[in-house]
Structure formats: C-alpha cells, structure tokens
Amino acid sequence: GSKLQSAWSRYTIAGAQIKGAFFRRDDLCIYAELAGQNITASIDMSDKTLDEKAFTPCLDLLTPLTATTEVSQWLLPAHLRTKDVAALYTKNGKTTINPLVSTSEDCSLATFKYPAKEIAVGRRYKRHLQLSTQYVLKQQRDSKTAITSGRWQLQKMRLNHGPSGDFTVKVKPVYDDAAEGYAYKHSGVTVGSQSAIIGSVPLDAGTFEIPLRGRNTDIAISVETDSWLPHSFISAEIEGNYITKVREI
C-alpha cells in the first residue's frame, strides 16, 4: 500500500556526557556522566497504548525521596539540582504534582508547596513535535501524489488526541524566524468530564481545534509541552480552500 506518513524522533540529553548506550528489548539504556556522577537511564521506545489510569510520569531521572516527618523542603541529589526540578506526591490515594515554590542558589535545596513524607523528584524535559508541510493529495492508480501547483489556504486544524495533559500548539510563519506567531494552549481539562473534578489528574482525550489562517507552505505548526503528564496524538484533520492554478490562452 501507499505510505501515508513519515516520522522520526531525536532525543537531546543536555548537560550529560554519554559514555555508552544499548538496547534491551524495547528500552534504550544509556550510561552517562551527569553532575559528576555516573548514572544509568532508559528510554522506553515501544509503541504502547496509553493507559489513563496507570501511566509513567514524564519526568527525567525520577528518584524517590523519604523523610521521617512531613516536610516541604528537601535536599536534592546532585543529578537533580536544577531549576527544572519537579516533584510528585500522593494525596488521597492519587499521585499528582507538588508545585515548586523555590530553590536555593545552587539548587541543592528545593521547597515544594505541600509537606509530605514521601515524594518522587525528577527533571522536566521539553517535547517538541513539528508537523510537516501539508499538501492536497491526488489519487493516481495505486498511489497518491502531492499537488504543488495552485494555492491551499488553510483555515483550521482539529488535533485528535488520546489521554493527554496540557500542551501548546504554535502557529508561526516560516519566512520569519523572529516572529512569535500564535500559541494555543490545551489545559488537559474538559468541562463535564472527570478531568474537571477538583483533585483529579487533568488527563483527557478529545479534539483540540486550532485556527490556522495561512497558505500551506507559509506556516509552520508545532506542538510543545514540558508537562509531567504524557501526551498521545492520534491524527490531525485540516480544512482549507484550494484554488487551482489556471492559465488563460
């Protein structure tokens, strides 16, 4: 059959010196030096269906910490001394984020909003998805080809997603790198669903609609997030007005 989509991924590990890497089943295992310590980490490369009730938090180098009494200030291990630190704690049987209040100058001490005896601390990391340029396709026997003549004026996009937390869709012109463009934030909360209940994890599936207003070759569309919650994107539906190129003789 014809190929419908191509995609590739790139992982950037900032501040670490990678000394070795190997695959073990579906996990990419990495041996690296970070903050003067030798660490081992793994990246799950499998294509799994996201379980809304049981998912892995999107925090790098997730490390459990314990205390004898409930405290708000914690001494962080060396590999987690960064402004991007985040903590999870369990309340009423549910795991959720414990907001960061402040850190010391060297980031060795971190103060979180809610006191707890047990927390899990990790580093936030950015995920960036860049959509390719969209074209109108023409069926030719057993394959489809892109029509590059004429003009396709994009109007809006519906992004269909599985259980996902907050993310931001950015739309900006490709011909101006300095342009900020427009940012449309999805909160992960849908009114009338369980994600809107106070104290619940804001993780919901649905459709997020974004205005585009530009020629298909003139705008770039990307999705960004550094949330501790996962994301699952299924498909994108794009609407627009296509005008064929006509030459009069």
Exercise. Does any N or O in the side chain of Asp106 come within less than 3.5 Å of the main-chain N or O of Ser108, such that one atom is a donor and the other an acceptor?
Worked result: yes
For this session: For Lys113, look at atom NZ and say whether over 12 heavy atoms of other residues, nucleotides or ligands are found less than 6.0 Å away.
Result: no
Exercise. Can any side-chain N or O of Arg213 pair as donor or acceptor with the backbone N or O of Gln155 at less than 3.5 Å?
Worked result: yes
Exercise. Which heavy atom in Gly162 sits nearest to a heavy atom in Ile234, and how many Å separate them?
Worked result: N-CD1, 3.7 Å
Problem set entry | Heavy-atom donor-acceptor pair, Thr225 side chain to Asp166 backbone, under 3.5 Å | yes
For this session: Check whether any side-chain heavy atom of His231 lies under 4.5 Å from a side-chain heavy atom of Val223, and answer yes or no.
Result: no
Exercise. Applying the 4.5 Å side-chain criterion to the ILVMFWY set and letting contacts propagate, would Phe112 and Leu62 be lumped into a single cluster?
Worked result: no
Sequence neighbours left out, cut at 3.5 Å: what donor-acceptor pairs do the side chains of residues 167-177 make with other protein atoms?
{"unit_1": "Lys170", "atom_1": "NZ", "unit_2": "Glu224", "atom_2": "OE1", "d": "3.1"}
{"unit_1": "Lys172", "atom_1": "NZ", "unit_2": "Asp177", "atom_2": "O", "d": "3.2"}
{"unit_1": "Lys172", "atom_1": "NZ", "unit_2": "Ala179", "atom_2": "O", "d": "3.2"}
{"unit_1": "Asp176", "atom_1": "OD1", "unit_2": "Ala178", "atom_2": "N", "d": "3.1"}

Exercise. Side chains of Arg81 and Leu75: does their closest heavy-atom pair fall under 4.5 Å?
Worked result: yes
For this session: Please check if Tyr89 and Leu61 belong to a single hydrophobic cluster, counting links between Ile, Leu, Val, Met, Phe, Trp and Tyr side chain heavy atoms closer than 4.5 Å.
Result: yes
Problem set entry | Interatomic distance, Leu212 atom CG to Asp218 atom CG [nearest 0.5 angstrom] | 12.5 Å
Exercise. Considering all heavy atoms of both residues, which atom of Ile219 and which atom of Gly214 are nearest to each other, and what is their separation?
Worked result: CG2-CA, 4.1 Å
Exercise. How long is the span from the CD1 atom in Ile147 to the OG1 atom in Thr244, to the nearest 0.5 Å?
Worked result: 9.5 Å
Seminar exercise, completed: All heavy atoms of Ile221 vs all of Gln130, minimum pair found to be O-NE2, 3.1 Å
Exercise. Applying the 4.5 Å side-chain criterion to the ILVMFWY set and letting contacts propagate, would Leu100 and Leu59 be lumped into a single cluster?
Worked result: no
For this session: Only pairs at least two apart or in different chains count here, so list each ring-ring contact (aromatic ring centres under 6.0 Å, His included) that has a residue in residues 132-157.
Result: none
Exercise. Hey, are the side chains of Asn98 and Ser72 touching, using non-hydrogen atoms and a 4.5 Å cut-off?
Worked result: no
Problem set entry | Backbone N/O of Gly122 and side chain of Asp60: donor-acceptor pair under 3.5 Å | no
Exercise. Which atom names give the shortest non-hydrogen contact between Ala236 and Met157, and what distance separates them?
Worked result: CB-SD, 4.0 Å
For this session: Please examine the side chains of Glu118 and Pro64, heavy atoms only from C-beta on, and report whether any two atoms are closer than 4.5 Å.
Result: no
Problem set entry | Glu180, CD atom: more than 12 neighbouring heavy atoms under 6.0 Å | no
Problem set entry | ILVMFWY cluster, Leu109 and Leu80 together (side-chain gap under 4.5 Å) | no
Exercise. In Å and rounded to the nearest 0.5 Å, what is the CZ to CD1 distance from Arg151 to Ile243?
Worked result: 7.5 Å
Exercise. Should Val121 and Leu88 be counted in the same cluster of Ile, Leu, Val, Met, Phe, Trp and Tyr side chains packed under 4.5 Å apart?
Worked result: no
Exercise. Taking only residues two or more places apart in sequence or in another chain, which ones pass side-chain contact (heavy atoms from CB on, under 4.5 Å) with Thr145?
Worked result: Lys138, Gln140
For this session: Kindly give the heavy-atom pair with the smallest separation between Trp74 and Ala116, and that separation in Å.
Result: CZ2-O, 3.2 Å
Problem set entry | Derivation and outcome, side-chain contact (heavy atoms from CB on, under 4.5 Å), residues Glu33 and Lys19 | CA-CA 7 Å; Glu33 181 181 342; Lys19 296 184 175 181; 3.3 Å; yes
Problem set entry | Distance in Å, Trp228 CH2 paired with Thr95 OG1, rounded so as to fall on 0.5 Å steps | 7.0 Å
For this session: To the nearest 0.5 Å, tell me how far Leu65 CG sits from Ile119 CD1.
Result: 5.0 Å
For this session: Could you tell me whether the side chain of Arg127 and the main chain of Ser227 form a donor-acceptor pair under 3.5 Å?
Result: yes
Exercise. Which value, rounded to the nearest 0.5 Å, describes the distance between Asp226 atom CG and Tyr125 atom OH?
Worked result: 10.5 Å
Exercise. Can you check whether Thr111 reaches Ser102 side chain to side chain, under 4.5 Å on heavy atoms?
Worked result: yes
Exercise. Is the backbone of Ser164 close enough, under 3.5 Å, to the side chain of Ser232 for a donor and an acceptor to pair up by distance?
Worked result: no
Exercise. Which heavy atom of Gly150 sits nearest a heavy atom of Tyr242, and at what distance?
Worked result: CA-OH, 4.2 Å
Exercise. Side chains of Leu159 and His186: does their closest heavy-atom pair fall under 4.5 Å?
Worked result: no
For this session: List the steps and the verdict of side-chain contact (heavy atoms from CB on, under 4.5 Å) for Glu237 and Thr207.
Result: CA-CA 10 Å; Glu237 303 172 6; Thr207 300; over 6 Å; no
For this session: Report the C-alpha distance between Thr66 and Lys117 in whole Å, list the side-chain angles of each, state the deciding distance to 0.1 Å, and finish with yes or no for side-chain contact (heavy atoms from CB on, under 4.5 Å).
Result: CA-CA 6 Å; Thr66 59; Lys117 287 185 178 181; over 6 Å; no
